[in-house]
There are 2 protein chains.
Amino acid sequence: MNRGNVSERRHEPPQVGVTSVILALEPAREHGRRRLWLPLVRRVREPFLGQWALPGGPLRADRSLEQSAYETLASTTDLRPRYLEQLYTFGDPARSRGGVPMVSVCYWALVGQADVAQLEPRHNVQWFADDDLPPLAFDHRAIVDYALWRLRHRMDSPRVVRQLVGEPFTLRQLHALTEAIRGERVDVANYRRRMLASGLLEETGGVLREGRQRPAALYRFRPGALDDAGAPWLPAGCEGEQLEHMNTAPERASADDNPLGSLTTALLHD
Amino acid sequence: MNRGNVSERRHEPPQVGVTSVILALEPAREHGRRRLWLPLVRRVREPFLGQWALPGGPLRADRSLEQSAYETLASTTDLRPRYLEQLYTFGDPARSRGGVPMVSVCYWALVGQADVAQLEPRHNVQWFADDDLPPLAFDHRAIVDYALWRLRHRMDSPRVVRQLVGEPFTLRQLHALTEAIRGERVDVANYRRRMLASGLLEETGGVLREGRQRPAALYRFRPGALDDAGAPWLPAGCEGEQLEHMNTAPERASADDNPLGSLTTALLHD
DNA sequence: GCAAAAGTGTTAGACGTACACCCATGG
DNA sequence: CCATGGGTGTACGTCTAACACTTTTGC
C-alpha cells in the first residue's frame, strides 16, 4: 500500500495539517429513518481538484491543534461545532507532497440540529448521509469511517449525545439518534426505561408534538451528568521533547480516576 | 495555563517529535501484588537535565510515525516492544521551544516479561512502578497517566493482555495482571469462568508449577481471538491535505464493522 | 372510532457476584 | 495431614430482550 518514492527533500521538516470530520443528525424526514450527516467541501486545488474532501488546512504555528481545527473548519464550512475531539494523527512518509513529509492531525466534531439548519447552501459545501458518501479525496473515506466508529463507541457519553440531538429533546428523538448511530433497531420501550433509570435525564416539564399524535415529554441532561462521564478523552496538558517551563501537574478531575482531568477542548462553548 | 509569549518565529514550520510510554508487568515478587512498570530515561540535555523523562525524539522525515516511535524507543531503552499504539498528539503553542512550535505525537507500547528480564541495567534507563514515579520532565507525568488510563480501558483486548503477560500463561497470571491494571481485587473463580467461557483461550496442554502447590494449566490465545477483537484502534491508511495518489479504499477487516481494518502497527512482529 | 405514537407491565433468560466447596501437590 | 493454590458448584440479584398492553391525541 505504501509506495516508497521518498525524494531527496526528506530532511526538510514535515508539514503539519489539521483535518476534521463534522458529524450531525440528519433533519427529520417524513416517515424515514434519520441518518448521520456530514458536510464535505469541494477541493479547489490539485490534487483531487473538484472532488469532495474533509475540511482541513495547515496548522497555524500560533494556534493550538484544537484552535487550528476549529478555525479551518469554521472558515470552510461556516459551522461552529460545540464538540471537538482529536481522532488520530497520520504521518506516513508515503503521504508526502512533492517529497516533503506530511503529518495530519485529525479531529472529529459534532454540531446540533440548530446549527445544521442555519447553514445556508453553498456551492462548495454540501451535506452527505453517512451511507451515501461520494468518492472522497485522498483517503478521507477511511478517516470518516474511523470517526463514525469512534462516534458509535462514544454513544454512551451524554456529552456526545447532547451535542447531536440538542436540548431539550424527547425520548423518541434520543431513540432515533441511537438507532441512527448504531445502525440497527432498538426496542423503544426498553430504551425509555434504561434512559430514565440511568438518572442522567430530567424532565423540563414541557411537551413537544411532532406529528398529530399524543405529545411527548421533553427532557434535558442533568447538569451533573456531563461532568465526569467517566472518560478523559482529551488531555489538557501539553508536551514536547523540548518544552520550556511546563511542569504543572495535571488537574485531576472529579468522580472517576480520569488522569487528564479537565476536558478543555471537548465542549468548546456552552 | 497557556502563556502567550509567542515569538516572531511563529511562522516557521512546527517541529514534530515522537514520545512513547512503555508499559510492562513488574516481575513477580514474593507474595506481593504485581504492579505495572515503565522504563524512564534520564535527560542528558537542558531543559530538565538529569530528570527522568519518557523516551522520545524528533520525527524522522523518511519514517512513519510508528517507525519513528519504535526507533527512538529502541535506541534509548534497548527495548523492542511488540505492541505500539498511538496515544495522543499534543500541539499547544505554549509548548514551543524558543518560539518554534512543537508538535508531539505520543505512543504507548507494551513489552512482555521476557523483554523486561533481558534489559540490562543502565545508568540512564531505569524501571519505575506506576504508583511510585519520580518527578518527570515536561508534563510527561500527564502522558503516563493517560497511557495508564488507556491501558485500563483496553484490558478487554486480547492483544493487549497477551503482550503484557506473555504466552503461554496460567489463569492465575492473567488474573494477577488484571488486578494490577484495574487496581482492585477480582474474584478468581469468576474470572476463571469468564475467561474460559469467552472462547478466547485454548489449553496448550502444558502445566506450570509456580510454588509448591498443584501445577496450573497453561493457556494461549486462540489465533482467531486476536484478529477482529472488535476495535480498529490503529488506522492503516494515511492522509494529508496534500497527498499524492492515495485513493486506495481502506481494507475492511473481518468480523466486526471496524472501518480501518488492518491493524498494521498494533502488533509489530509476531 | 381509528391510526399512530406515548408510555407501562410482565416474563424468561442471560449474566455478574459472592462464597462455599472439593481436588491436587509438596512438605 | 496440612497448608496452599487449582479448580468447580451453586444460589441469588440484576440486567436485558421480547412483546403484549393501555393511554393520549388528531382526524
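Only heavy atoms go into these numbers, but all of them, side chains included; no hydrogens, no water, no symmetry mates. So that the names make sense, note that chain A is the first sequence line, chain B the second, and so on, each numbered from 1. Keep in mind that this is a model prediction, so the values were computed, not measured.
Annotation: B:Tyr146 is not in aromatic contact with B:Trp108 [ring centroid separation under 6.0 Å not met]. The aromatic ring centres of B:Phe169 and B:Phe221 sit less than 6.0 Å apart.
Without hydrogens or angle criteria, A:Arg222 side chain to A:Leu201 main chain gives a donor-acceptor distance under 3.5 Å.
The side chain of B:Ala216 lies closest to D:dG7 when the candidates are D:dG7, C:dT8, C:dA6. For B:Arg172, the listed nucleotide lying nearest its side chain is D:dG5; candidates were C:dG26, D:dC27, D:dG5.
Following rounding to the nearest Å, B:Asp187 (CG) and D:dG9 (P) show an atom-to-atom distance of 16 Å. Between B:Met195 atom CE and D:dG7 atom C1' there is a gap of 16 Å when expressed in whole angstrom units. Rounded to whole Å, the distance from CZ on A:Arg185 to P on D:dC19 is 14 Å. Following rounding to the nearest Å, A:Asn190 (CG) and C:dT8 (C1') show an atom-to-atom distance of 12 Å. Atom C1' of nucleotide D:dG6 and atom CZ of B:Arg209 are separated by 12 Å, given to the nearest angstrom. Look at OH on B:Tyr191: it is 16 Å from C1' on D:dG7, rounded to the nearest Å. Atom CD in A:Gln213 sits roughly 13 Å away from atom C1' in C:dC2 (whole-Å rounding). Residue B:His175 contributes atom NE2, which lies 13 Å from atom P of D:dG7 at whole-angstrom precision.
For A:Arg214 and D:dT23, a side-chain-to-base donor-acceptor distance below 3.5 Å is present, hydrogens and geometry of angles not being considered. Evaluation of atom-type donor-acceptor distances gives a pair under 3.5 Å for the side chain of B:Arg193 against the base of D:dG9.
Taking only side-chain nitrogens and oxygens, B:Arg192 never comes nearer than 4.0 Å to OP1 or OP2 of D:dG6. A sub-4.0 Å separation between OP1 or OP2 of D:dA17 and a side-chain N or O of A:Arg194 is present.
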